[in-house]
Engineer: 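Before I ask anything, let me first share the structure, which is written out below as structure tokens.
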Amino acid sequence: MEPLKKDAKVNPSATANLLSKVFFWWLNPLFSIGYRRRLEEDDMYQVLPEDRSERLGEQLQAYWDREVAQAAKELRTPKLTKALIKCFWKPYAVLGIFTLIEEVIKVIQPVFLGKLIRYFENYNPEDTASLHEAFGYAAGISLASIGLALMHHLYFYHVQRAGMKIRVAMCHMIYRKALCLSSTAMGKTTTGQIVNLLSNDVNKFDEVTIFLHFLWVGPLQAAAVIGLLWDEIGPSCLAGMAVLVFLMPLQTLFGRLFSSFRGKTAAFTDSRIRTMNEVVSGIRIIKMYAWEKPFSALVNEVRRKEISKIMKSSYLRGLNMASFFVASKIILFITFTVYVMVGNTISASRVFVAVSLYGAVRLTVTLFFPSAIEKVSEAFISIRRIKNFLLLDEIVKHAPVLPSEEKKDASVEIQDLICYWDKTLDAPTLQNVSFTLKPEQLLAVIGPVGAGKSSLLSMVLGELPAEKGVVKVRGDLTYASQQPWVFPGTIRSNILFGKELQPQKYEKVLRACALTRDMELMPDGDLTVIGDRGATLSGGQKARVNLARAVYQDADIYLLDDPLSAVDAEVGRHLFEQCICGILRKKPRILVTHQLQYLKAADQILVLKEGHMVALGTYAELQRSGLDFTSLLQQEDEEEQQSVELRSRTLSQTSMRSQSSSLLSVKDGTDQLPVEQVQNIAEESRSEGKISLSLYVRFFRAGANILVLLFLILLNLFAQVSYILQDWWLAYWASQQERLDTLNVTQSTVAPPHPLGHNETQQLDLRLYLGVYGGLTMATIVFGFTRSLLFFNVLVSSAQALHNRMFQSILRTPVRFFDINPIGRILNRFSKDIGHLDSQLPWTFVDFIQVFLQILGVIAVATSVIPWILIPVLPLLIVFLFLRRYFLQTSRDIKRLESTTRSPVFSHLSSSLQGLWTIRAFKAERRFQESFDAHQDLHSEAWFLFLTTSRWFAVRLDGICSVFVSITAFGSLLLRNDLEAGAVGLALSYAVTLMGMFQWGVRQSAEVENMMTSVERVVEYTELESEAPWETQKRPPAEWPSQGLITFDRVSFSYSPDGPMVLKNMKAVFRSREKVGIVGRTGAGKSSMISALFRLAEPEGRIFVDGVLTSEIGLHDLRQKMSIIPQDPVLFTGTMRKNLDPFSQHLDEDLWNALEEVQLKGVVEELPGRLETELAESGSNFSVGQRQLVCLARAILRKNRILIIDEATANVDPRTDELIQKTIREKFKDCTVLTIAHRINTIIDSDRILLVPAEVPISAICGGIDPPGPAGTEWSYRLAGLCRGRGGGPSVAQLGWLPPHYGVKCPQIDSLCDGRDLQHCWPSQAKIWAAAAQMEDHCTLPAEMTIIGFYTSKL
């Protein structure tokens, strides 16, 4: 694991002085860098010591451990909330003081405002004392604004940092827990779910800390406001407060509903991401099977359910926001209606004090308080989910560490062992197993598929708990898994795995594991970076790196789970001789294998069958006992009760990691895939510069047509105009009332008293004023609600449309895309970015538009009242725009850095989960935890900057706003002669609302732009290059291909346009109904032929199938007509039926027959739901061999004329292999079958064999060796087409000579090879010619059998 960053800059906030901390001056250097150039990771500041992942995580872990222990004593379930509160309450409680001060200022400010307006009402030019007092009030308003600006942002910065700390601590604990989950626990959760905890659930802590304090500040503030309002307008204020109090539970109810929808949405999101994970992992298979449509339907169905929940919660949000928008208007309407009805007259000071006080309390009561309740309820859901995860079972390890003098005595002793993967099943996984492994011994474990071989290793590792029996393991273990696991990093770091580099030892290990040559071919040698899941390595290379890692660890005991199956026989022999019996010969080793030729070298052989130990002894002893291995692996009765335990081992060991390498070995071999490319692309693309207007247009057009959008714009304008008119009408009413009062006063002083004088005072027409006021209020409500709901509908529809386009685009893009982009990156688009589009973006967008229109309204009102206010507003506006541009330049980079530093956290988690056993066997948990903490700290660096930079900006914006407020306040005093009280009240109360609102609006606009990067990333994936169309105008005939004749005509093939050619100018004819075996070294281009045939990338040249040119027909027409049994068997989550027959084209009877033919009928019949049983993630409740059989059943069902088998039997024992071969011979006798294989017996009954040598393009396999043997015989002509082999001639396997079971008894062959494996038998040419001559005389061959056939450009 390489260190993530060389050296980060020291964090200046640690040493900044008080003023710098208040105004965030310490960030200025960063902004100036960000303005000049793009910010990189090196520009970020180090995490503060108190924010470090390890420190926070261990603190919280300690409290949690205490809580768990306490709960166990008190016999209750532990409460995670308790641990959280104990850990974090002190620093968080102190922050409450900030809130309190801020809210006090908010309540005092309207009082000053009222006094100032009263001065205008009782305006007397001669009264200087009251003028000085008024200046004092104006100063009070200005100071209050400045105080608010500072307190608010300091508070927000600290609470958000508190949220970050809780989140980081939680992530640390979740990862730590994931590393020690027991296998039963792994069955109860999935990778997708853990990633979701880490990506979505912990984010709730970031949100909840912001609002939590308002739970107690809100009620206090409300009480204070009622007191002041009572003083101002008497009991009428209660009517308004009643509306507020009514709104609170209403919004709380919305919050409740919202979180219940969120819970349901989360479940759908989980399952959508899990399906996506499988689609991306198994994309090769999906393409080869032409299964895109059923998967598309599956994802669309889940997405439809998810969107319907999202739409409902969005409507709720819309109602919530609209009610917030109109709340103040309804409150004022009711307050003043009551006030006027009970006979009071309206005055400007009363109106605007009430407006301002309601404004102060409204935010807290209608937004912060309900948000607090909503966030708290959401946080509780998340805490519950996390707590359930943290309470899953952990694994208990039992290997003691030996003192160094006892290292020689490392041993494993097992007696009468019984153990279960799943207690609910009757049959144990292993029973009555006993053996002792002494120092320097090699124990070989053999047995058919599902016999429990991998389970035996997992039991020794401590992954599978022993139910009964004695297990004594003395010494350190190390383990090479069956499904090779590599993590993102260099090849060297994969092999060293945390150990020091010792060059001699390292070279020795590379040689023993046959990696030296591969390293030479890599562009950067062993420092080549391998992508996610080892994307750049072939299957064989991954297996060898996996083995090298185990060998390099200087452990006492080695457990090797079938390390030889993924490599060809020649490399396998090298590994066995140089590594397993070479470097490791002094160590005790347990080797699980299917390669029977190596058994002679074993000190003991343990034979397993269905979890029972059938035999134990040396090769000679077992032979004497009359136990014939091959027959053991072939017993016919076995298929009936095939390994009961396997059916639902919660995580079949052999298979647990199958998802880790999906068919990557199609690009097997180092010399074809340019490794640098993966390395270059490992940098996630992050777009630069501004978000273009066209992107916004595309986003909206995805969800609605032009007419709807025009209607939406009009609605917004109407809503805002009616909103402002309502306030303006109140001010107008107050002014009219004031004029009338003045008029009445003057009349009463001038006119002589009249006996009926009370009739003379004029009154306003209340019905008119109230009617207009009510009408405007009603209009505001209607427009406000309609606008909100329509807006949300359009935005969520856009998210839906873009997701569908992106998914379709991903399905149609060539396979190459998945090789160079790690899974985490693709899934990030589907989880994080789509999550933004679904929930955050609509809300932020609507909020921004609402606030933006209100800001325009404020400025418009202020200007209409006091036109000269435009003079100071213009320079302020210019400063604003510059600040915004200056801020966004840096902020956008920081936001993007935050996204890109988040991806590695998830990648690290999912790759750790795939290699869980290896990590635990190597005791590397600590190191992986440290690495996770390093990834977290890197993300925290970006997040910390994200928090502080947005506060830096907000403080400056609010500063500008408080200048605006001060100008308005003092300016109105300077122009006191020309102004009416109502006008001043309207302008000032609006200016004060600008305070928080302006910076919020600008920040929301920046936030919208930041969120639009998610839209940009999604749109980027909707425009991926597409494969050829699935169907074209030219459709092949329905019964095509009837013959199965395949012709390669000058075919060249490369995986990418700029990559090297893997096949060059290849010509070949595969005749109808012919069985062809394809052999060759790893990386020779065997799988590439298949890729060319399936057009996974478009080949050059022409390939005909039954005379139809494949490049002219649609991909689905082509791929559906060929069956493939892939190298890595892939099963998908879903029912067994869906896995066999996703299009539902077959009857149950056909499905059962197919299962019976592959001998899985018994297994499936015992599943709880038979065909309807839901498989675990990636089919992990079947062993690798059984999954291979399911793939064979698929091929049988498809009844195609062409079958391709890609090393499909590498993971199965010879007996299952033979079963597969027999099924293929019977079921596919009328088909053309191409088999790629490493084992000679897999292809021994082929009609012809095609040799593909490594380092030589296929077309270059040419003749020209003049045989020294008896010229003219048929044999010599045949041999002339062979290239020179290792020992001067071809190996016997390549000659295709047939073993005895063909009725051909050839002692000559046996004498040639001394009983060695045919693939490795390279006799001298002289010997071959001698044998060939004799063979002509002595051997009788079946007439129809062609012994060798080669496709070369000469033939």
Side-chain angles (χ1 to χ4, degrees), residues 284-293 666 1027-1051 1053 1063 1066-1078 1086-1126 1141-1143 1145-1146 1150 1154 1157 1191-1206 1208 1223-1236 1243 1246-1248 1250 1258 1346 1349 1351:
R284 246 198 171 80
I285 301 296
I286 291 175
K287 284 187 176 299
M288 286 178 158
Y289 283 155
W291 275 3
E292 290 98 338
K293 286 178 182 167
V666 171
E1027 290 186 300
W1030 288 344
E1031 273 101 20
T1032 56
Q1033 294 299 309
K1034 182 170 181 182
R1035 304 292 296 264
E1039 64 285 350
W1040 174 89
S1042 51
Q1043 303 300 312
L1045 169 71
I1046 305 171
T1047 312
F1048 280 73
D1049 181 16
R1050 295 208 186 85
V1051 173
F1053 181 75
L1063 303 179
M1066 171 186 167
K1067 293 183 181 178
V1069 179
F1070 298 85
R1071 301 178 200 137
S1072 175
R1073 302 184 183 169
E1074 184 172 54
K1075 312 289 175 278
V1076 179
I1078 303 173
K1086 307 185 293 294
S1087 299
S1088 304
M1089 291 172 52
I1090 308 306
S1091 299
L1093 188 56
F1094 275 95
R1095 288 170 62 197
L1096 291 182
E1098 291 296 328
E1100 294 169 25
R1102 300 186 300 170
I1103 301 177
F1104 294 96
V1105 175
D1106 275 10
V1108 173
L1109 184 58
T1110 57
S1111 54
E1112 286 182 356
I1113 58 175
L1115 290 180
H1116 276 189
D1117 288 334
L1118 171 67
R1119 291 170 183 171
Q1120 279 169 345
K1121 297 297 187 178
M1122 298 188 287
S1123 302
I1124 181 161
I1125 304 179
D1141 177 28
F1143 292 98
Q1145 295 168 325
H1146 302 281
D1150 299 341
E1157 272 149 12
C1191 292
L1192 178 59
R1194 286 177 189 159
I1196 291 175
L1197 280 169
R1198 288 181 84 154
K1199 296 193 174 70
N1200 284 333
R1201 280 293 170 152
I1202 297 172
L1203 173 67
I1204 288 133
I1205 302 167
D1206 185 2
T1223 314
I1224 289 169
R1225 279 199 296 277
E1226 290 169 4
K1227 297 301 290 182
F1228 298 100
K1229 58 176 183 289
D1230 291 336
C1231 307
T1232 306
V1233 181
L1234 312 185
T1235 308
I1236 295 179
I1243 52 161
S1246 305
D1247 302 334
R1248 298 198 288 166
L1250 163 59
I1258 289 192
T1346 320
Y1351 308 122

Engineer: Is Asp1049 reaching over with its side chain to a backbone N or O of Ile1103, donor-acceptor style, under 3.5 angstrom?
Structural biologist: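 Looks like no, no N/O pair under 3.5 Å.
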Engineer: Measuring from Glu1100:CD to Ser1111:OG, what's the distance to the nearest 0.5 Å?
Structural biologist: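 One finds 12.0 Å between CD of Glu1100 and OG of Ser1111.
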Engineer: Shortest non-hydrogen contact from Lys293 to Trp1030?
Structural biologist: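 What the structure gives for the nearest pair is CE-CE3, 4.1 Å.
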Engineer: Roughly how far, to the nearest 0.5 Å, is OH of Tyr289 from CD of Gln1120?
Structural biologist: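 If I round to the nearest 0.5 Å, the distance is 13.0 Å.
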Engineer: Do you know the tightest heavy-atom contact between Glu1074 and Val1069?
Structural biologist: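 Of all heavy-atom pairs spanning Glu1074 and Val1069, the closest is OE1-O, 4.4 Å.
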Engineer: As an exercise, state the distance from CD1 of Ile1196 to CG of Asp1150, rounded to the nearest 0.5 Å.
Structural biologist: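 Reported to 0.5 Å precision, the distance equals 11.5 Å.
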Engineer: How close do Arg1095 and Ile1113 get, heavy atom to heavy atom, and via which atoms?
Structural biologist: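 In this case the closest contact between Arg1095 and Ile1113 is NH1-O, 2.9 Å.
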Engineer: Hey, could you give me the CD1/CD1 distance between Ile1236 and Ile1125, rounded to the nearest 0.5 Å?
Structural biologist: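 These two atoms lie 12.0 Å from each other.
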Engineer: Determine the minimum heavy-atom distance between Ser1091 and Phe1053, stating which atoms define it.
Structural biologist: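 Shortest heavy-atom separation between Ser1091 and Phe1053 comes out as CB-CZ, 3.5 Å.
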Engineer: Answer whether the closest heavy-atom distance between the side chains of Pro1041 and Val1108 falls below 4.5 Å.
Structural biologist: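 Result no, sub-4.5 Å side-chain heavy-atom pair not found.
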Engineer: What are the two closest heavy atoms between Arg1194 and Ile285, and how far apart are they?
Structural biologist: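 For Arg1194 versus Ile285, the nearest heavy atoms are NH1-CG2, 4.4 Å.
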Engineer: Below 4.5 Å, heavy atoms only, C-beta onward: do Arg1050 and Arg1102 meet side chain to side chain?
Structural biologist: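 They are not in side-chain contact.
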Engineer: Show the numbers, then the answer: is there a side chain to side chain contact (heavy atoms under 4.5 Å, CB included) between Arg1073 and Lys1229?
Structural biologist: CA-CA 7 Å; Arg1073 302 184 183 169; Lys1229 58 176 183 289; over 6 Å; no
Engineer: When you compare the side chain of Leu1063 with that of Pro1099, does any pair of heavy atoms fall below 4.5 Å?
Structural biologist: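 No. Closest side-chain heavy atoms not under 4.5 Å.
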Engineer: Determine, step by step, whether Phe1094 and Lys287 satisfy the side chain to side chain contact (heavy atoms under 4.5 Å, CB included) criterion, reporting the C-alpha distance in whole Å, the side-chain angles of both residues, the deciding distance to 0.1 Å, and the verdict.
Structural biologist: CA-CA 9 Å; Phe1094 275 95; Lys287 284 187 176 299; over 6 Å; no
Engineer: Drop me the distance from Ile1078's CD1 to Ile1204's CD1, to the nearest 0.5 angstrom.
Structural biologist: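 Separation between the atoms: 8.5 Å.
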Engineer: Is a donor on one side and an acceptor on the other found under 3.5 Å between the side chain of Trp1040 and the backbone of Asp1117?
Structural biologist: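 No: the side chain of Trp1040 does not pair with the backbone of Asp1117.
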Engineer: Apply side chain to side chain donor-acceptor pair (under 3.5 Å) to Thr1110 and list each qualifying residue two or more places apart in sequence or on a separate chain.
Structural biologist: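 For Thr1110, no residue satisfies side chain to side chain donor-acceptor pair (under 3.5 Å) once neighbours in sequence are set aside.
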Engineer: Rounded to the nearest 0.5 Å, how far does CG of Leu1118 lie from CE of Met288?
Structural biologist: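 Interatomic distance, Met288 CE to Leu1118 CG, rounded to 0.5 Å: 11.0 Å.
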Engineer: Where the side chain of Lys1075 meets the backbone of Cys1231, is there a donor-acceptor pair that is under 3.5 Å apart?
Structural biologist: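 Here the side-chain-to-backbone pair exists.
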Engineer: Give a yes or no on whether the backbone of Ile1124 and the side-chain of Arg1198 come within a donor-acceptor separation of less than 3.5 Å.
Structural biologist: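 Side chain of Arg1198 to backbone of Ile1124, a donor-acceptor pair under 3.5 Å: no, none is there.
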Engineer: Quick check against the 3.5 Å criterion: does Arg1201 have a side-chain atom that pairs as donor or acceptor with the backbone of Asp1230?
Structural biologist: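 Indeed, once roles are kept as given, a pair shorter than 3.5 Å links the two residues.
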Engineer: Show the nearest heavy-atom pair for residues Thr1032 and Gly1114, with the distance to one decimal.
Structural biologist: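 That closest heavy-atom pairing would be OG1-N, 3.3 Å.
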